[in-house]
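Sharing a structure here in structure tokens format.
Just so it is clear, the values below take in all heavy atoms, side chains as well, and ignore hydrogens, waters and symmetry mates. In this text the structure is predicted, and so the values were computed from the model without any measurement. The first residue in the sequence is number 1, and the count goes up from there.
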Amino acid sequence: WLRLTQFPMVPGNQPLVAHAGPGRAVARVVVFKITAPVGTFSANDQFWAELNEDALDSKTSVLMAQNGLRAGTGPLERWPALSKLVAVPGASTDKFVCETNGRSSLNVITRPAVADQIVVSIDRDLEQRGRAFEKCDDGFRLAMRTLPNSAALTVQLEPVVALGTVEVLRPRNSLGVVRQELPSEESFPDLRMAVTLSPSQFLVLSPVDPKDNQFSVGSL
């Protein structure tokens, strides 16, 4: 088994942990979404001291921090001990499987059925941008691909707000698809992060200080 474990934290103070199945052309990860009280991850210096936050390039790490996000990798054998640091009363875990052919991505929903919200983000030009959404789902676009002659996976995550679907209609006499439903979403491409993980590593993505900025990408 290719035990590639990844642990991204998502909006709503919910981290994701994932590990892959047998090495093959299809990229497959098992995701564990952990919900814990605010500060369980972001304020736990002992937990972050065990992780390598240099796995992402410095510009991406700085930009993520400005948007209330923090990420790092760690050795798989350390996860059982690290998990005890965040196994606090009130914590819960959801587990599900994500699988792609390496050419398509999928959305991991972390905060469903949001009635309305305002998200404030900072882009690479250090410009602040606010966006309002109604009846949406918060989450991440997850892309994975296997590497040639390797058991490692390249994993890419990008925050998104899913808005539902848009129906596209074309005249009946048109060639091709006449009626089609397409997903509608807003993404944050400046916060796209990618890391190559070996079978002996996991990745953590966590919101930081959500009480300080209740409208940041990390908080929501």
Side-chain angles (χ1 to χ4, degrees), residues 6-18 31-45 47-49 51-73 85-86 88 90-92 94 105 107-143 155-164 183-195 203-220:
Q6 138 196 55
F7 186 65
M9 184 83 173
V10 297
N13 206 38
Q14 300 175 355
L16 306 174
V17 184
V31 177
F32 296 86
K33 182 176 70 174
I34 302 175
T35 304
V38 171
T40 302
F41 291 85
S42 58
N44 196 326
D45 293 335
F47 180 86
W48 287 99
L51 302 180
N52 174 23
E53 295 187 66
D54 295 328
L56 278 69
D57 67 272
S58 58
K59 288 185 178 180
T60 299
S61 295
V62 169
L63 188 61
M64 288 175 58
Q66 292 172 325
N67 284 277
L69 291 165
R70 189 176 184 180
T73 61
L85 298 177
V86 294
V88 299
S92 63
D94 294 322
S105 61
N107 281 3
V108 177
I109 301 302
T110 58
R111 187 166 172 251
V114 180
D116 61 83
Q117 68 179 357
I118 297 174
V119 181
V120 178
S121 62
I122 299 174
D123 61 24
R124 291 189 179 272
D125 295 324
L126 301 182
E127 295 290 333
Q128 187 169 282
R129 182 181 180 189
R131 282 173 272 189
F133 303 99
E134 295 181 351
K135 297 180 180 179
C136 60
D137 298 328
D138 293 337
F140 280 87
R141 180 184 296 117
L142 171 63
V155 179
Q156 179 179 286
L157 292 166
E158 179 180 352
V160 296
V161 176
L163 304 172
S184 175
E185 62 187 27
E186 283 280 342
S187 63
F188 300 82
D190 288 326
L191 297 181
R192 185 181 301 147
M193 54 166 288
V195 62
L203 169 67
V204 179
L205 177 61
S206 168
V208 179
D209 300 325
K211 288 184 178 180
D212 290 348
N213 186 348
Q214 298 181 12
F215 302 103
S216 73
V217 177
S219 297
L220 300 173

Assess the residue pair I34 and V86 against the criterion (side-chain contact (heavy atoms from CB on, under 4.5 Å)); give the C-alpha distance rounded to whole Å, side-chain angles, the decisive distance to 0.1 Å, and a yes or no. CA-CA 10 Å; I34 302 175; V86 294; 5.6 Å; no
dist R129:CZ -> I122:CD1 (nearest 0.5 Å) comes out at 13.5 Å
- Qualifying residues under side-chain hydrogen bond (donor to acceptor under 3.5 Å, both in side chains), relative to S121, sequence neighbours excluded: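 Applying side-chain hydrogen bond (donor to acceptor under 3.5 Å, both in side chains) to S121 gives R131.
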For Q117, the side-chain contact (heavy atoms from CB on, under 4.5 Å) test, sequence neighbours excluded, returns R111, V114, V119, F133, C136, D138, V161, L220
Show the nearest heavy-atom pair for residues G72 and W48, with the distance to one decimal.
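Minimum heavy-atom contact is N-CZ3, 4.0 Å.
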With sequence neighbours left out, the residues meeting side-chain hydrogen bond (donor to acceptor under 3.5 Å, both in side chains) with D57 are T60
Q. Considering all heavy atoms of both residues, which atom of S206 and which atom of S42 are nearest to each other, and what is their separation?
A.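 Here S206 and S42 meet closest at OG-N, 4.3 Å.
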D123 meets the side-chain hydrogen bond (donor to acceptor under 3.5 Å, both in side chains) criterion, sequence neighbours left out, with none
Between the CZ atom in F140 and the CG atom in L191, the distance rounded to the nearest 0.5 Å is 8.5 Å
Next item on the list: Please name all residues satisfying side-chain contact (heavy atoms from CB on, under 4.5 Å) with V195, sequence neighbours left out, ordered by chain then number.
Entry: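 Partners of V195 by the side-chain contact (heavy atoms from CB on, under 4.5 Å) criterion, ordered by chain and then number, come out as A55, T73, L197, L203.
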- Query: CG/L69 to OG/S219 distance, rounded to the nearest 0.5 angstrom?
  - Reply: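 L69 CG to S219 OG: 9.0 Å, rounded to 0.5 Å.
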Fill in: Side-chain heavy-atom pair Q66, L126 within 4.5 angstrom cut-off
yes
(Q) Could you tell me if the side chain of F47 sits less than 4.5 Å from the side chain of D45, heavy atoms only? (A) no
List the residues meeting side-chain hydrogen bond (donor to acceptor under 3.5 Å, both in side chains) with R192, not counting sequence neighbours, and say none if there are none.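 Counting only residues at least two positions away or on another chain, R192 forms a side-chain hydrogen bond (donor to acceptor under 3.5 Å, both in side chains) with E158.
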